[in-house]
Structure formats: structure tokens, C-alpha cells
Amino acid sequence: MTNKGKAEGFARGLTNYGDRDFALYLRKSFAKSMGYSDEALAKPVVGIAYTPSGFNNCHRHFPEMLEAVKRGVLASGGLPVEFPTVSLGEVFLNPTSLMFRNLMSMDTEEMIRAQPMDSVVLMGGCDKTVPAQLMGAASAGRPAVQIVAGPMMTGRHKGERLGACTDCRRFWGSFRAGSISEEEINVVEGRLATTAGTCAVMGTASTMACLTEALGMSLPGTAAIPAVHADRLRAAEATGALAARMAVEGGPTPDQIITRASVENALRVLLAIGGSTNAIIHLTAVAGRLGIEIDLPWLNRLSDETPVLVNLKPVGKHYMEDLYAGGGLGAILRELKPLLNLDCMTVTGETLGQRLEAPIDHVDREIISSYDNPLEPQGGLVALFGSLAPRGAILKRSAADASLFEKEGRAVVFNSLEDLSERIDDPDLDVTADDFLVLQNAGPTSPSGMPEAGYLPIPKKLARAGVKDMVRISDARMSGTAFGTIVLHVAPEAAAGGPLALVRNGDRIRLSVKNKRIDLLVPEDELARRREELVPTAVRPKRGYAKLYADTVTQADQGCDFDFLRAEPQS
Ligand code: FES
């Protein structure tokens, strides 16, 4: 590692009084009011970005994890000091958690920079918290290591394993189709999420945990440890110990770890695990903080040559606890070794290649396929381009019905989320299973703030007739735990005047996954006429964070970060 001897501890970044000695004397005096001794105050300081919240079920076990992190810091000669930041509990936020990811990232960045810490442990887990912390830490530039919450254990219902949130959707679909009763759905509600931790499948939180380890920003072998497993506490302790070492050594810093090469490794892992579509947005935002651009043709190139190896819901059968028992991310990385950039630096100062030299004691081939015998020969995600999405759209092909991949259909259009919820179940809705459902005005600058609404429900009358999947297109996102032939993140979005805004009921749309295209089959002169008629419908916010968000959020292909937070592109 570099920059030995950089620890400044409590003397770092003094409050400005125009007299440095006075500022230090005053700071120590106030620190002593918390009971610290001179000896404690002379140690390197490890900040701990700590995000429990009564509105965040996924972080319920953070007090116990915090103790373990602190134990590790203290045992290694550092002084652990936790500090709160914004916490984002996925299902407790309105209109949607994505809108607040950038707020949390700014909070994290500024508190790391403003407070006297020599390194920082990032404690996050629920969907948006890990990307927010990585974005903030990347911008702050202080040595940082992530420890994630870890996934929930599965619950049981009538002898069947249940895990949030793929099974939440499956049971809800059955309820809508009339195949289970209201009494049963009420029972299931209490059996889906039964322990602390993040969603139990390869959703956004688990995907981000895997990408963080693949980037090198967390300790090896930690991504998949269940939240309630004793190994997670040991991982937390080891993370604290590492952070104390990083505080003394002054590195490595996030910019030494998150590079174009390590971002490529993370993209490979995203594709191989059949990970969440949301992770594309988050990884783009994290990389963008260091001037690394992720363009979607790059994703497609990698997707064409990266196999799907992991048999986890929502794409496959199993749960995160099975992935941990079956070898974890370490086993996946070892399979992907021929495709990875092995000289990338990680938080421990080792390269990824050095990490992967250690043998692994067991790999369950039911959960993790070998590179030579993959579940799918190509990656789980594909970017589509065409007249409907000039700047791209995303389809999770590993979670979609391949019989719908080469198809032309008639558009059935909903111009907002409200319109969707009012009309989708109308028995008189003119819709067939061969139609394409189109949702407009659910992108980043729309009033809904790009919610996970891209998984448009199958209209009730079709669901009751047994229809399980349809082509659905929107500028919204989709939960990482969902599945279906769902085209998302259409850019530019409708609210920014993208072609999606010009689609009308009855238009023809052609989807070709083979050609990576999504096209609106309407003559250009007709589109020009419709463009003239477009009237902005949304009222722009006039104050506060909502105004900052609406004025500066970028499109999905730039990670929905604020334009002023992104770094200049690296040449
Ligand atoms: Fe927190 Fe799913 S609700 S990860």
C-alpha cells in the first residue's frame, strides 16, 4: 500500500477558527466530554458510516454488526467512531428510493470529508444504500471498505421455501389471477421476510453486494454471507481490522480500486449472476464518480461472451443462503477467471488474481455452474437500441420468455402510473396477450422518479386466462427480484421528450433481441407531427431536494446521478 504514516486522527480537518491550536484544543476538549482518553484520541480514526433506521428492516441487525466492526478496529489499534447518514429502506420511501440515492451519496461523501477520519467502513445493504455509499466514498477519496448487511434467510409456507421478493411477486400474481384466496395471501405476507437482512434472492441488494466484492471494495467471501450467520459478524470484525490498517497506511483509496478494469470485472459478474437491471444504473453512477463511462455497447460486448453461471431466483431456483453454502462469489470469480482483469487492486492491497489463488473447499454445481458448462452461454442482460430508444434500453433476457424475443406487436399505452393503475384491470381494456404494454412518464425526471414499475401487471382478464408474460416497455426500472419480458430504462425518457412519449395506442413496435433492437414502426413525418403536439404535463418542483433532483438528474444511461457530481470522463 501507499502513503504510509498518513493517519492524522482527531487532528484531521480542523474546524476553522483562525487558530489551529485552539481548534484542536477545543475539539479534544469536546471529545473528552464523550469519555475519550488522550491515549484513545491519539489513535488513527476509523469512521463507520452507520445506517440503521426504524424505516429500514434490512439493517435491523446493524447494532450487533457495529459492535463486531468496532471490535476489529480496536484490536488493530484504531479508534472506531460511528456516524449516522441517511438510510434508505426500499419499501418505506415515496415516491421511490432511487430518488434519494443521490442524497445519501452526498451525505456520505460530505460527512467522510468533513469529519476527522483516516479511513471509513461503509455499512449498507438495502438496495440503494450500497451504491450511495460507494458513490460517496469514491468522491470523498478517503480509504474505504464496504461491509454489506447480507441476505435474509428464507421462510416456509406449506412446506415450500419462500424468499423476498421473487416469491412476493409470484404469490401476488397468483392472488390476482384468483388462484389463491385473500386469507392465504394474508398468511403469506407474514412468511416472506422473516429475518434481518436484504432480499433473499439475486435482487438489487445481493447483486450490488456481489459487484462490490468483484470491484475489490469489500473483503473476499463476504458478499453472500447471510445476515444472521456468525460468519457475518466475523466478516464485520475483519473489516474493522482492515480499516484500521488502511487508516495507518493511507490506502488504498477508492480511485486505486475502482478502475475501468475493475468495473469491467463487475460488469462480467453482473452478467454471470443474472443480476438486477438496477445494478447497471448504480454501477454507471459509481464509475461516473471517477470519470469512468459505462456505455451500453460495452455491456453488450461483454454480455455476448460472458455466460450465466448462477441458478438463483429470480432467474433460477435457489436463494442467497444457498449461494453462500455453495461457494459464494469466490467460486463464481474463480470460474470467470479467464475473463477477468486479475491485476486489479483490492481493499486488502492484494490484486484480484492473488485473492483467487487461495483454494475454495466446496462448490455446489447445482447452484454455480462451471465456465465450461454454463446455464446460459450469454450474459443475463442485453441493451437494446433503435428508434424507440436512441440512447438505449435494458432487457434482462435471462429472466424473460425467449418465445417473445423476436416479435412485433400493437402498443397499448398508459401515459402515467396513475393511468396504469386506473385502467390495467378494466374489463373493457382493448388488450390481447400479443400486444405490447407501454408505460410512459415513469423515467428519472418524471414526478414518480423512475420507480420499479416497469414490471407492469398482466391485465387481470388476461392473467385469469392464464397469460404469464407479455412484452412490456417503459422508462421505469424493475425490481431485481422480478422477471418477465420487460424492456426498461428507455432513454431518453418520455418526460424528457424521448420517442417513448410519441407512442400511441395501436402503433406497431418491433422487438428483436437477436439484433438488439427496439423500434417504433411509425413514419418519421407522423412522429414529427406528434412531437409538435407534445405538451409537458409535469409541474416542476420549485424548492428543496425535489428541485435539485429535477434540475440535475441525468438519464438512465448516465446512472441517474446528478450532473454536477459526475467526474470529468477519464481519457
Ligand atoms: Fe431491502 Fe429488498 S427491501 S433489500
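One is the number of the first residue; the rest follow in order along the sequence. Both ligands and their constituent atoms are indexed starting at 1 by order of listing. In this text the structure is predicted, and so the values were computed from the model without any measurement.
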Practice prompt. Determine whether more than 12 heavy atoms belonging to other residues, nucleotides or ligands lie under 6.0 Å from atom CZ of Phe55.
Written response: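 For Phe55, atom CZ is not crowded (no more than 12 foreign heavy atoms under 6.0 Å).
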Worksheet item: Which is closest to atom 1 (Fe) of ligand 1 by heavy-atom distance: Ser479, Cys58, Cys165?
Response: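 Result: the heavy atom closest to atom 1 (Fe) of ligand 1 is in Cys58.
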Worksheet item: Hey, is Val91 one of the residues with a heavy atom under 4.0 angstrom from ligand 1?
Response: no
Worksheet item: Are Arg169 and Tyr455 in a cation-pi contact, defined as NZ or CZ under 6.0 Å from the six-membered ring centre and within 45° of the axis?
Response: yes
Discussion item. Using a 4.0 Å heavy-atom cut-off, which part of Cys199 comes near ligand 1: side chain, backbone, both, or neither?
Written reply: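 It is both backbone and side chain that touch ligand 1.
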Which of the ligand 1 atoms, numbered from 1, are nearer than 4.0 Å to a heavy atom of [X]:
{"X": "Glu90", "result": "3 (S)"}
{"X": "Thr198", "result": "4 (S)"}
{"X": "Ala205", "result": "4 (S)"}

Practice prompt. Apply the test side-chain hydrogen bond (donor to acceptor under 3.5 Å, both in side chains) to residues Ser218 and Glu213: give CA-CA distance (whole Å), side-chain angles for both, the deciding distance (0.1 Å), then the verdict.
Written response: CA-CA 5 Å; Ser218 56; Glu213 188 176 326; 4.7 Å; no
Fill in: Any donor-acceptor N/O pair, Ser446 side chain to Gly443 backbone, under 3.5 Å
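Such a contact is found between Ser446 side chain and Gly443 backbone.
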Worksheet item: Does Asp107 reach the main-chain N or O of Val86 with its side chain, forming a donor-acceptor pair under 3.5 Å?
Response: yes
Worksheet item: Do Arg101 and Cys560 come within less than 4.5 Å of each other through their side chains, counting heavy atoms only?
Response: yes
Practice prompt. Give a yes or no on whether Cys126 keeps an N, O or S atom under 2.8 Å from atom 2 (Fe) of ligand 1.
Written response: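 No N, O or S atom of Cys126 is closer than 2.8 Å to atom 2 (Fe) of ligand 1, so no.
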